[in-house]
Colleague: 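So that we are looking at the same thing, I have put the structure below in structure tokens.
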Protein chains: 2
Amino acid sequence: MLKLKEERHQFILDEIRANNKVLSSELSTRLKVSEDTIRRDLRELSDLGAIRRVHGGAVKNNNEINLEDHSDSSAYIPFSYEDREVYSKSKKEKIAEKAVSLLRDDDVILIDGGTTNLELAKRIPKDYKGTIITNCLPIATKLVEHRFVDVYFLGGRILPNALVTVGHSVIQELKEIRADICFLGTRSIDVQRGITDIDRVEVEVKMAMSKSAENVVSVASSDKLFTNQPFLCVSSKNVTTLITELDPNEAALRPFVENGTKVL
Amino acid sequence: MLKLKEERHQFILDEIRANNKVLSSELSTRLKVSEDTIRRDLRELSDLGAIRRVHGGAVKNNNEINLEDHSDSSAYIPFSYEDREVYSKSKKEKIAEKAVSLLRDDDVILIDGGTTNLELAKRIPKDYKGTIITNCLPIATKLVEHRFVDVYFLGGRILPNALVTVGHSVIQELKEIRADICFLGTRSIDVQRGITDIDRVEVEVKMAMSKSAENVVSVASSDKLFTNQPFLCVSSKNVTTLITELDPNEAALRPFVENGTKVL
DNA sequence: ACTTAATTTGCACGTTTATGCATGTTCAGT
DNA sequence: ACTGAACATGCATAAACGTGCAAATTAAGT
């Protein structure tokens with residue numbers, strides 16, 4: 001059965017995504033744990049913002065965005081983002097904090113999709129002044145709140161799960177762009193190969209992004225280190241900076257430093 | 001069935017969105033709870049400002065958050081129950097409802113920005129199948145929820161107020177597109193000139209959109225009729241269809257019909 | 001392997017919430 | 001004004017909830 005708490009959490013998220021709701025009582029019997037445990041699970045997931053608790057269970061948190069209310073300060077986390085890594089929010093925050101420190105006024109910045117980059121977008125100071133180019137819907141939506149930021153969106157077909165645009169037009173537009181920094185959401189990074197990912201069309205976009213930027217910054221929680229995916233985004237030598245939630249002096253990061261990558 | 005209070009609330013809101021009214025008695029039987037419970041639900045939703053309670057049930061509350069639209073102050077004038085059905089529907093919703101009726105499966109649809117078009121996007125059936133191209137951030141965000149819709153976003157600089165993209169790239173991408181219908185948010189429309197607007201860069205995009213579509217549909221509340229703005233979007237003869245909240249036989253719409261424009 | 005610390009879980013307890021029913025009141029339409 | 005339906009209010013009950021605590025499990029260090 002599902003013995004680990006994490007498995008239950010995943011199960012609950014899946015269930016909510018499928019049915020838009022869960023009942024504490026039902027979960028208790030199906031997962032064979034007490035309702036108290038279920039309630040604790042729901043509380044934890046709710047604290048992460050992944051679900052919304054209600055009396056009797058929990059429901060999908062449908063924080064919608066509309067024209068009347070785009071000042072919405074509450075976090076907009078699309079569903080499919082959650083199954084990637086909800087449990088490491090504090091990691092993402094640490095990473096985002098470091099990433100923001102790289103920003104200089106009047107920079108031209110490329111931001112890829114992913115929850116960490118969304119976190120980064122949220123943490124950009126309200127008075128930051130610069131140009132930001134992205135292909136990620138929620139990130140763009142977040143950034144329009146910044147008065148002094150010019151936001152450009154890269155057009156193309158929208159992947160409903162990742163909420164990023166992909167395709168020929170994105171890549172074409174990127175060819176006409178010269179950015180100072182590019183923040184790449186990273187599924188896997190390895191000292192030898194570099195940044196790799198699983199979806200071919202997303203990889204093509206990430207690749208084009210990295211080529212259009214002076215500095216390529218990989219934002220990656222430590223569990224992505226030394227892992228591999230089928231498709232290469234950015235070869236190792238072209239990754240300028242690596243940001244993880246770890247201390248830069250951590251032994252695990254040593255190989256990257258020796259390889260010439262800056263580590264934050 | 002619907003065990004959570006939250007689900008009932010959602011059901012009630014959906015029901016009101018679709019029919020503009022709900023009956024306590026009907027909800028009681030359909031949701032299999034006592035009328036008291038229904039009344040409590042309605043009270044809570046009413047306290048949140050989501051609906052307006054009336055004797056027998058509840059209706060849509062018309063206090064638009066939109067500052068520009070004070071014409072709906074008629075909401076405070078008491079009216080009989082039958083009239084309520086007519087008046088409780090906001091202009092935008094009536095328009096959106098008519099617009100949705102134009103959709104055919106497998107169409108390629110262009111949707112411009114604006115609150116009315118957002119309302120349209122919200123009302124597209126969840127099982128609609130087709131391709132939708134837009135330059136409006138909230139509309140795209142709404143549409144990704146539709147499993148069978150391919151959403152394409154037109155990239156460019158984002159106008160923070162209108163939340164649409166504009167500029168050369170948008171127009172360039174539009175040139176490579178052939179759509180069946182184009183829904184244009186309309187600030188002003190006149191029998192002689194056609195659709196006009198105030199912002200030059202937005203106008204350029206709207207113009208390009210209209211040229212890329214077989215049918216050009218203007219969505220415009222009646223107060224936009226017979227008004228003018230400095231820049232021409234679409235000349236009168238190129239407007240295929242006009243949708244307002246009025247009855248198509250209304251005298252005010254006669255000139256458009258005589259001019260060869262379909263009126264819904 | 002053994003011990004210790006930390007986490008997770010279930011249970012007991014009292015508290016809150018949700019719901020239906022009974023009561024009397026208000027409403028709307030003849 | 002009369003009448004039945006819709007309503008508000010108070011109350012009872014069961015389910016869901018939070019909390020503290022102890023047992024059980026897991027993780028970590030030696």
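A note on names: the letters A, B, ... follow the listed sequences, proteins ahead of strands, and every chain is numbered from 1.
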Colleague: Any chance the side chains of B:D223 and B:S221 put a donor and an acceptor closer than 3.5 Å?
Modeller: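 Present: a donor and an acceptor within the cut-off.
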Colleague: Got a salt bridge between B:K3 and A:E26, using NZ or NE/NH1/NH2 to carboxylate O under 4.0 Å?
Modeller: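 So B:K3 does not pair with A:E26 through a salt bridge.
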Colleague: Output one letter per nucleotide in nucleotides 1-12 of chain D: B when a protein non-hydrogen atom lies under 4.0 Å from the base, S when only the sugar-phosphate is that close, - when neither is.
Modeller: -----SBSB---
Colleague: Is there a side-chain contact between A:E202 and A:V164 (heavy atoms, below 4.5 Å)?
Modeller: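 A:E202 reaches A:V164 side chain to side chain.
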Colleague: Round to the nearest Å and state the distance from A:L31 atom CG to C:dG10 atom P.
Modeller: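 One finds 11 Å between P of C:dG10 and CG of A:L31, rounded.
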Colleague: Whole-Å distance between D:dA16 C1' and A:D41 CG?
Modeller: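 To the nearest whole Å, that distance equals 16 Å.
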Colleague: Within the pair B:T37 and C:dT19, is there a side-chain N or O less than 4.0 Å away from OP1 or OP2?
Modeller: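 For B:T37, the contact criterion (side-chain N or O under 4.0 Å from OP1 or OP2 of C:dT19) is not met.
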Colleague: Rounded off to whole Å, could you give me the NZ-to-P distance for the B:K32 and C:dT19 pair?
Modeller: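 After rounding, the gap between these two atoms is 16 Å.
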Colleague: Among residues at least two apart in sequence or on other chains, which ones pass ring-ring contact (aromatic ring centres under 6.0 Å, His included) with A:F226?
Modeller: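 A:F226 satisfies ring-ring contact (aromatic ring centres under 6.0 Å, His included) with A:F256 only.
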Colleague: Flag yes if more than 12 heavy atoms outside A:K98 fall under 6.0 Å of its NZ atom; otherwise flag no.
Modeller: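 Above 12, so yes.
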Colleague: Looking at A:L184, A:T186, A:I139, which one forms a side chain to side chain contact (heavy atoms under 4.5 Å, CB included) with A:N117?
Modeller: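 Filter result, single survivor: A:I139.
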Colleague: Between C:dA28 atom C1' and B:L23 atom CG, what is the distance in whole Å?
Modeller: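 After rounding, the reported distance stands at 15 Å.
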Colleague: Without decimals, in angstroms, what is the distance between A:E44 CD and C:dT9 C1'?
Modeller: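 Roughly 12 Å, once rounded to whole Å.
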Colleague: Could you give the NZ-to-P distance, from A:K5 to C:dT9, as a whole number of Å?
Modeller: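 Interatomic distance, NZ of A:K5 to P of C:dT9: 6 Å.
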Colleague: Measure from NZ on B:K3 to C1' on C:dT19 and round the result to the nearest Å.
Modeller: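 Going from B:K3 (NZ) to C:dT19 (C1'), I get 14 Å.
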Colleague: Roughly how many Å is it from CG in B:L4 to P in C:dT17, rounded to a whole number?
Modeller: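 Whole-Å distance recorded here is 16 Å.
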